[in-house]
Protein chains: 2
Amino acid sequence: MEAILEELEQASELENMQGISEALRDVFKVDHLVYHWVSSNGEQYGCGTYDPEWVQHYLDKDYLRVDPVVVGCYQRFHPVDWKRLDWSSKAARAFQADAIANGVGNQGYSVPIRGPNGQFALFTVSHNCDDATWARFTESNRRDLILIAHYFNQKALDFEPERAPEPAQPLSPREVDAMTLLAIGYSRAQVADTLSISEHTLRVYIEAARFKLGAMNTTHAVARALSRGLIVV
Amino acid sequence: MEAILEELEQASELENMQGISEALRDVFKVDHLVYHWVSSNGEQYGCGTYDPEWVQHYLDKDYLRVDPVVVGCYQRFHPVDWKRLDWSSKAARAFQADAIANGVGNQGYSVPIRGPNGQFALFTVSHNCDDATWARFTESNRRDLILIAHYFNQKALDFEPERAPEPAQPLSPREVDAMTLLAIGYSRAQVADTLSISEHTLRVYIEAARFKLGAMNTTHAVARALSRGLIVV
DNA sequence: TCGGGCCTCACTATTTTTGGGGAGTGGAAT
DNA sequence: ATTCCACTCCCCAAAAATAGTGAGGCCCGA
C-alpha cells in the first residue's frame, strides 16, 4: 500500500496512471477502480479498470446526466456509498441495470473531489459482494481512498493544466458583485441601484466579466462564474 | 495520531473542533494549526490556535483579499509551502510583517479544500523554525495533513445547516434541456433550434422552470438550477 | 376515466438587455 | 514616470426576453 501511494505521488507521466489504477485494484482486491474527471465544459477524462466498451457506452448514452453517482456526489463533500444514493428514478434504475450488465459491481464507494475553477472529479471503487463485506471494506479503507482520490486528481491537474478551460482570469471585486447580484435574480436596474452606480457603469462590468469568462451572454457568464466557484449564491 | 484522527472523524459538535485543533497542534509539535472557511460571499469561520486578537485584526483589515496564502491557494489544488507563494507585492509584504509580529510562524504549509457550491477552505500549520526543519516536517506529515484538512472540512459542512433550504422541485426533461443549453451560453433562438422546437414552446419551458425554481428571471433560474445541481454544465 | 403533468404551438405588446462607440479619474506596478 | 488596470459615466439602435392569454394531444397514475 505504502509503495503504491509513493508511486502514485511520484508518477510523472499520464500513461502510468492506468497501470497504477490496475495495481491499486489488485491491492484492494476489488473489481474496479476508476478516476473520472467531469470538467465543467463537458469534456470528460477517466482512467481506471472499467471495460472500455462500457466507458464508450456511458459516453454515448450521455449517462453523465443520469448516473446517480455523479448527480449525487455533485452536491456532496463526503465520500459516499452507492447504496446511500437515490436510485429511485426510472432513468436511474435503467442505468443501474445497464451498468451491472456491463461488469460494474453491485457495490460502490465514490469520493468527490474538487479543484480550482469548479473542476470536479470522482474517484470510485466498485465490487461485487454482499453488503456486510462491502461495509467492512469501506470502513477499513476510507482514509486511503481519500488520499488516493486526492493524488489522482493532483496528477490529473498536473498533466492536463490546459484542460482547465481558460486559465480563470480573476474577476475584479466589482465584477464579482455584479455577477453575484445577477445570480440571485436582480435585474440590471436593481443591481446598479444596489451597487450605487449607474446602469451604464454596471454594463461595463458585466461586459468585462463576460469577456474574462469567455461567455457569450450574461446568463452564460453567471453560469460560468458559478461553476468555476468565482461567486457563491 | 490515530486516536486524534478517530476523534476528529467522530466529532459531533462544533465546540470540540477547537479542542481538537489544540490537541493536533501538540501532536505535531507546531506553533499553530488552523482551519479557515472562506466562503467567497464574505462569510468566514475558523477554528484553530491563532491568537484571537490576530484573527480579529485579520478580519478588520480585510486581509482575506491580500493574504498570499488565500489568494495563492485559491487557484491551486496542491497543498503548498508558504515559501512557494508570491510575497512580492507591497500589500503582501506588509501583511507578512504584521502576521509575524502577531505570532504567526515564519514557516507555513496550507492545504486548500473545496466543497460543493464553490465552498472554499484552508487548513494550515505554521511554525517558527529554519527551512530544513520545516521541509522535513512537511515531507513526513503531508498525508496526515491532507486527511485532517479533509475531516475538518467535513465537519464544517456537517455543522453548516443552511444548505438547500428549498426542496428542489424536479425539472422536467425538457426543462433540464432548456436550462442546460442556456447555461452553456445559447440564446433562446439557438436553444429552440437545438431542441427542434419553436421558440414559443421553449418559452413555456423556461417559464415553468423559472416558476419551479422560484426565480425572477432566466439568469436567476439557471443560477439556481446550477447551484442545486439540477443541471451539470 | 379523469385530472394532471408534460409537450407542442400561436399572438401581441412592452420592457430589458445587448453591442458598438468614447472619455476621464485614481492607484499600483515596472 | 509611464503604463496598465479598475472604476466611473454617457449615447443610440437593434436584439432578446418577458407578460398575458390561449389551445390541442399524450401518457400516467389515482
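Naming convention: chains lettered A, B, ... in sequence-line order (proteins, then strands); numbering from 1 in each chain. In this text, all values refer to a predicted model and were calculated from it rather than measured experimentally.
Under a 4.0 Å N-O distance rule, the pair R84(B)/D81(B) does not qualify as a salt bridge. Using a cut-off of 4.0 Å between Lys/Arg side-chain N and Asp/Glu carboxylate O, E9(A) and R143(B) are scored as salt-bridged.
Across all their heavy atoms, A183(A) and I231(A) have their closest contact at CB-CD1, 3.9 Å.
In this entry the distance linking CD1 of I206(B) with P of dC7(C) reads 14 Å, nearest Å. Across the protein-nucleic acid pair, E207(B) atom CD and dA10(C) atom P stand 16 Å apart, rounded to whole Å. For the pair E175(B) CD and dC6(C) C1', the computed distance is 8 Å after rounding to whole Å. Distance NE2 (H220(A)) to P (dG19(C)): 13 Å, rounded to an integer number of Å. As rounded to whole Å, 11 Å separates atom C1' of dT17(C) from atom CG of L182(A). In this structure, N217(B) places its CG atom 17 Å from P of dT15(C), rounding to the nearest Å.
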For this session: Please lay out, stage by stage, how E199(B) and R203(B) fare under the test salt bridge (Lys or Arg N to Asp or Glu O under 4.0 Å).
Result: CA-CA 6 Å; E199(B) 205 173 322; R203(B) 250 183 42 200; over 6 Å; no
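Checked against dG20(C), dT17(C), dT8(C), the side chain of R203(A) finds its nearest nucleotide in dG20(C). Among the nucleotides dT17(C), dC6(C), dG19(C), the one closest to any side-chain atom of K212(B) is dC6(C). Listed nucleotides: dA10(C), dC7(C), dA29(C). Nearest to the side chain of H200(B): dA10(C). Distance from the side chain of S172(B) is smallest for dC6(C) among the nucleotides dG19(C), dC6(C), dC9(C).
Comparing R174(B) and A189(A) along DNA chain C, the residue whose closest nucleotide (by nearest heavy atom) sits nearer the 5' end is R174(B). Between M216(B) and V204(B), the residue whose closest nucleotide on DNA chain D is further toward the 5' end is M216(B). Checking T218(A) against L171(B), the closest nucleotide of DNA chain C that is more toward the 5' end is the one next to L171(B).
Q119(B) places no side-chain N or O within donor-acceptor distance of the main-chain N or O of G229(A), the cut-off being under 3.5 Å.
Put simply, the side chain of F77(B) reaches to within 4.5 Å of the side chain of I113(A), judged on heavy atoms.
The residue T201(B) sits close to a base: some heavy atom pair falls under 4.0 Å.
Within the structure, a side-chain polar atom (N or O) of Y205(B) is placed less than 4.0 Å from OP1 or OP2 of dT8(C).
Along DNA chain D, read 5' to 3', the first and last nucleotides having any atom under 4.0 Å from a heavy atom of chain B are dA17(D) to dG20(D).
Under the 3.5 Å distance criterion, with hydrogens and angles disregarded, no donor-acceptor pair is assigned to the side chains of N106(B) and H127(B).
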